[in-house]
Amino acid sequence: MSRILITSALPYINGVKHLGNMVGSMLPADVYARFQRARGHEVLCICATDEHGTPAELAALEAGQDVATYCAEQHQIQKDIGVRFGFSWDYFGRSSSPENRELTQHFCEKLDEAGLIEERVDEQVYSVDDGRFLPDRYIVGTCPKCGYENARGDQCENCTSVLDPVDLIDARSAISGGVNLEVRASRHLYLLQSKMVDRLRAWIDSKTDWPVLVTSIARKWLDEGLHDRCITRDLDWGIPVSRPGFENKVFYVWFDAPIEYIGATREWADEAPGSRDWKSWWYGEAAQDVRYVQFMGKDNVPFHSIGFPTTLLGSGEPWKVVDYIKGFNWLTYYGGKFSTSQKRGVFMDQALEILPADYWRYYLMANAPEGSDASFTWEHFAGTINKDLADVLGNFVNRTLRFTKSKFGEAVPDGGMPGAAEANLIKELDARLEAYTQHFERMEFRKAVAELRAIWASGNEYLTVAEPWAKFKQDRDAAAIGVRTGINLIRLFALLSQPVIPTISGKMLEALGVSGDDAAWPTGPAAALLEALKPGHPFTVPDVLVQKIEDAQVAEWTARFGGA
RNA sequence: GGCGAAGUAGCUCAGCUGGUUAGAGCACCGGAAUCAUAAUCCGGGUGUCGGCGGUUCAAGUCCGCCCUUCGCUACCA
């Protein structure tokens, strides 16, 4: 048994996330956490809301709330939705916690001691009408290169030129529209990432098993020359900078957000200080045996492969640095971006309104954007759910248990001996069990789910050969071995499916009267697994496990959420 | 513009360090079966592996150029 620390990119506080956000972070992190727990490892799965920054302030403003209240509410909403999706977090924290405040300030002090912090004076745009400094993107105006009238201060969406806000013609605040903009000088702290380049490169070079997606993004940043990064902001909402002359400033959200992985672990420990030791997961000798895995979409990779490691390594203290980064591409909606503003795509709360969590979990993991971007369409989604979950798995459970009940009653029957059909099944299962487990170990989710589906299908193939319904007419015992094997297959399928579809899996185990305590990860030999439930073991026939999706529903949802 | 990823059967995707007749699932066609959510099982693919050229005994798999799509380009998180 080993210890595995799992974190997923923190969902930003300003509203419920869409499926495209979830599929690359929280969902695979949960699937992996469930898998490793079943394998018998000690897992700590941590997530939190990322609550600082200008967008949070503006969202609160729009909601007519003060930002602290807004964040508290949104945190609870996101937490509830996550729980309803089956996310088995050990702790879901908040980057605005006192624990994170202390840690963030601590890291800044340590980085300073290590000579990696420098004060510099910046000139930034200040909006008199809004009473605040504005990030580049919140200044709009006419693009000096193409004349587009709504170009943002960081980049023109029309001609894609990279801009500086002071170059905009007729610049105005994107928030208030106010034109009273001034360039004001402001003192800030810079993290001297440039001094860490060699160390970071050596570290990245040592990660030969990481996805190409991740290392290529990290190398790109190193190759282009790491800029020093400003880690403070002129905002009210955030972690205060404890330093003379910085009384009205807070840390940049991207500085404190990753630190919240540690902060949330402390929050978790602070709930039960007698029995939980946060430091043993993160610091020094005690954390030597921890394997730390992060999950995120590709947009987050630079901050996790460069930014956060700079903080940890640069501190000069023995903090645990990530061992493996699992990065994902985008999930697209009919080939285009999921978009809040254009009302394209499905958000987590909406998804749960229309179908159970397991449907989404299964589809999204089966089609995870691992090798490249992947496309979500309602037609593909419905087809996958109906075929894989309802027909191949759900119907297998139903046909097996109903037939057994009608001929033998509601208990595993005795009689009969394994023969050629069982031998073939066992041979196939032994191979597939190994492959399935390996795919999960390597975090190859698409392949894992494809293997899982093949394992379910092997049950149907077996029944076709065993044909207990035909044998029963002449030879009761020959039929008995068939259904006994079938019922044990249901147990096996439930145990194997649990990381992906925990609710359905739970219903299968419940029907068989198997407690969660016996739900350890099944390892071969398959022959023994198929004799786990002995003759006489009672069962019940559950309701239909997976309801099919109708064409009419596909049409309705396509219209509601924006289709092709 | 620069950089990165990718373009493989109707659809969604596998194909590691180059090597027998390029694979899977879905869809489609045919057959079997009838325990089951009309659910299952078996069989069926003449695909210019984006295009052109090159290296090699041998290239989807390496090199160059071109076309297309998507992303990043660092104070939006």
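Everything numeric here is computed off the predicted structure, so don't read it as measured data. Computed from heavy atoms alone, side chains included, the values below leave out hydrogens, waters and symmetry copies. Order of the sequence lines sets the chain letters (A, B, ...), proteins ahead of strands, with each chain counted from 1.
An OP1 or OP2 oxygen of U40(B) is reached within less than 4.0 angstrom by no side-chain nitrogen or oxygen of N395(A). Neither OP1 nor OP2 of C35(B) sits under 4.0 Å from any side-chain N or O of K405(A).
The interatomic distance linking F396(A) (CZ) with A39(B) (C1') rounds to 13 Å, in whole Å. When the P atom of C11(B) is taken as reference, atom CG of N386(A) falls 21 Å away, rounded to whole Å. With rounding to whole Å, Y333(A) atom OH is found 16 Å from U12(B) atom P. Whole-Å rounding puts the E444(A) CD to G15(B) C1' distance at 12 Å. Taking atom OH of Y362(A) as the reference point, atom C1' of U12(B) lies 13 Å away to the nearest angstrom. Residue L331(A) contributes atom CG, which lies 12 Å from atom C1' of U12(B) at whole-angstrom precision. Note: CD (E461(A)) to C1' (A39(B)) measures 15 Å, nearest angstrom. Between the CH2 atom of W456(A) and the C1' atom of A36(B) there is a distance of 17 Å, given to the nearest Å.
A donor-acceptor pair under 3.5 Å is formed between the side chain of R446(A) and the backbone N or O of A368(A). Formation of a donor-acceptor pair under 3.5 Å by the T332(A) side chain with backbone atoms of A374(A) is found in this model.
The six-membered or imidazole ring of F255(A) lies away from that of F107(A), with a centre-to-centre distance of 6.0 Å or more.
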For nucleotides 23-34 of chain B, list the nitrogen or oxygen atoms of the protein found under 3.5 Å from its nitrogen or oxygen atoms, one pair per line.
{"unit_1": "G25(B)", "atom_1": "O3'", "unit_2": "R453(A)", "atom_2": "NH2", "d": "3.2"}

For nucleotides 74-77 of chain B, tabulate all protein N/O to nucleotide N/O atom pairs closer than 3.5 Å, reporting atom names and distance.
{"unit_1": "A74(B)", "atom_1": "O2'", "unit_2": "R229(A)", "atom_2": "NH2", "d": "3.3"}
{"unit_1": "A74(B)", "atom_1": "N6", "unit_2": "G225(A)", "atom_2": "O", "d": "2.7"}
{"unit_1": "A74(B)", "atom_1": "N6", "unit_2": "H227(A)", "atom_2": "NE2", "d": "2.9"}
{"unit_1": "A74(B)", "atom_1": "N1", "unit_2": "H227(A)", "atom_2": "N", "d": "3.1"}
{"unit_1": "C75(B)", "atom_1": "O2'", "unit_2": "R233(A)", "atom_2": "NE", "d": "3.0"}
{"unit_1": "C75(B)", "atom_1": "O2'", "unit_2": "R233(A)", "atom_2": "NH2", "d": "2.4"}
{"unit_1": "C75(B)", "atom_1": "O2", "unit_2": "R233(A)", "atom_2": "NH1", "d": "3.4"}
{"unit_1": "C75(B)", "atom_1": "O2", "unit_2": "R233(A)", "atom_2": "NH2", "d": "3.3"}
{"unit_1": "C75(B)", "atom_1": "N4", "unit_2": "Y190(A)", "atom_2": "OH", "d": "2.9"}
{"unit_1": "C76(B)", "atom_1": "OP2", "unit_2": "D136(A)", "atom_2": "N", "d": "3.4"}
{"unit_1": "C76(B)", "atom_1": "OP2", "unit_2": "R137(A)", "atom_2": "N", "d": "3.3"}
{"unit_1": "C76(B)", "atom_1": "O4'", "unit_2": "R137(A)", "atom_2": "NE", "d": "3.2"}
{"unit_1": "C76(B)", "atom_1": "O4'", "unit_2": "R137(A)", "atom_2": "NH1", "d": "3.2"}
{"unit_1": "C76(B)", "atom_1": "O2'", "unit_2": "R137(A)", "atom_2": "NH1", "d": "3.4"}
{"unit_1": "A77(B)", "atom_1": "OP2", "unit_2": "Y252(A)", "atom_2": "OH", "d": "3.4"}
{"unit_1": "A77(B)", "atom_1": "O3'", "unit_2": "D50(A)", "atom_2": "OD2", "d": "2.5"}
{"unit_1": "A77(B)", "atom_1": "N7", "unit_2": "W254(A)", "atom_2": "NE1", "d": "3.0"}

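Every residue meeting the side chain to side chain contact (heavy atoms under 4.5 Å, CB included) condition with S97(A), not counting sequence neighbours, appears here in chain and number order: E99(A), N100(A), E260(A), E267(A). In terms of the ring-ring contact (aromatic ring centres under 6.0 Å, His included) criterion, residue partners of F472(A) (sequence neighbours excluded) are, by chain and number, F408(A). With sequence neighbours excluded, the residues forming a side chain to side chain contact (heavy atoms under 4.5 Å, CB included) with N21(A) are K17(A), H18(A), listed by chain and number.
Listed nucleotides U37(B), C13(B), U40(B) differ in distance to K548(A); the shortest reach to its side chain belongs to U37(B). Closest contact between the side chain of A457(A) and the listed nucleotides C41(B), G71(B), C35(B) involves C41(B).
Between G25(B) and U40(B), the distance separating the two P atoms is 13 Å to the nearest Å. A distance of about 10 Å separates the C1' atoms of C49(B) and G7(B), rounded to the whole Å. The same atom, C1', is picked in U55(B) and in G18(B); the two are 12 Å apart, to the nearest Å. Nucleotides A27(B) and C63(B) have their C1' atoms positioned 39 Å apart, rounded to a whole Å. Between A77(B) and A6(B), the distance separating the two P atoms is 30 Å to the nearest Å. Comparing the P positions of U48(B) and G1(B) gives a spacing of 30 Å, expressed to the nearest Å. Going from the C1' atom of G60(B) to that of G15(B) covers 8 Å, rounded to whole Å. U21(B) and C52(B) are spaced 27 Å apart, taking the C1' atom of each and rounding to whole Å.
What you find for K548(A) and N386(A) is that their closest heavy atoms are CA-OD1, 3.3 Å.
Among the heavy atoms of the strands lying under 4.0 Å from L545(A) is at least one base atom, whether or not backbone atoms are also near. Among the heavy atoms of the strands, none lies under 4.0 Å from V397(A). Nucleic acid contact for S375(A): sugar-phosphate only, since backbone atoms but no base atoms lie under 4.0 Å from a heavy atom of the residue. No contact: K407(A) has no heavy atom under 4.0 Å from any strand. Across all strands shown, A374(A) has heavy atoms under 4.0 Å from sugar-phosphate atoms exclusively, and none from any base.
When the options W557(A), Y333(A), Y363(A) are evaluated for a ring pair (Phe, Tyr, Trp, His ring centres under 6.0 Å) with F381(A), the one that passes is Y363(A). Checked options F308(A), W254(A), Y252(A); the residue passing with F303(A) is W254(A) (criterion: ring pair (Phe, Tyr, Trp, His ring centres under 6.0 Å)).
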Salt bridge (charged side-chain N to carboxylate O under 4.0 Å, His left out) between D122(A) and R187(A), intermediate numbers included:
CA-CA 6 Å; D122(A) 271 351; R187(A) 182 170 294 274; over 6 Å; no
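W237(A) and Y70(A) are not linked by any side-chain donor-acceptor pair at a separation below 3.5 angstrom, with hydrogens and angles left out of the test.
Scanning atom types as modelled, no donor and acceptor separated by under 3.5 angstrom connect the side chain of D391(A) and the base of A39(B).
Taken to the nearest 0.5 Å, the CG atom of D205(A) stands 9.5 Å off from the OG1 atom of T215(A). Note that CD of E57(A) and CZ of R132(A) are 4.5 Å apart. Values are rounded to the nearest 0.5 Å.
Comparing L393(A) and N329(A) along RNA chain B, the residue whose closest nucleotide (by nearest heavy atom) sits nearer the 5' end is N329(A).
Side-chain contact between N460(A) and R399(A) is present, with heavy atoms from C-beta onward closer than 4.5 Å.
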Let me check I have this right: for RNA chain B, each base becomes ., (, ), [, ] or |, based on Watson-Crick or G-U pairs with both distances under 3.5 Å. What is the full string?
(((((((..((((.....[...)))).(((((.......))))).....(((((..]....))))))))))))....
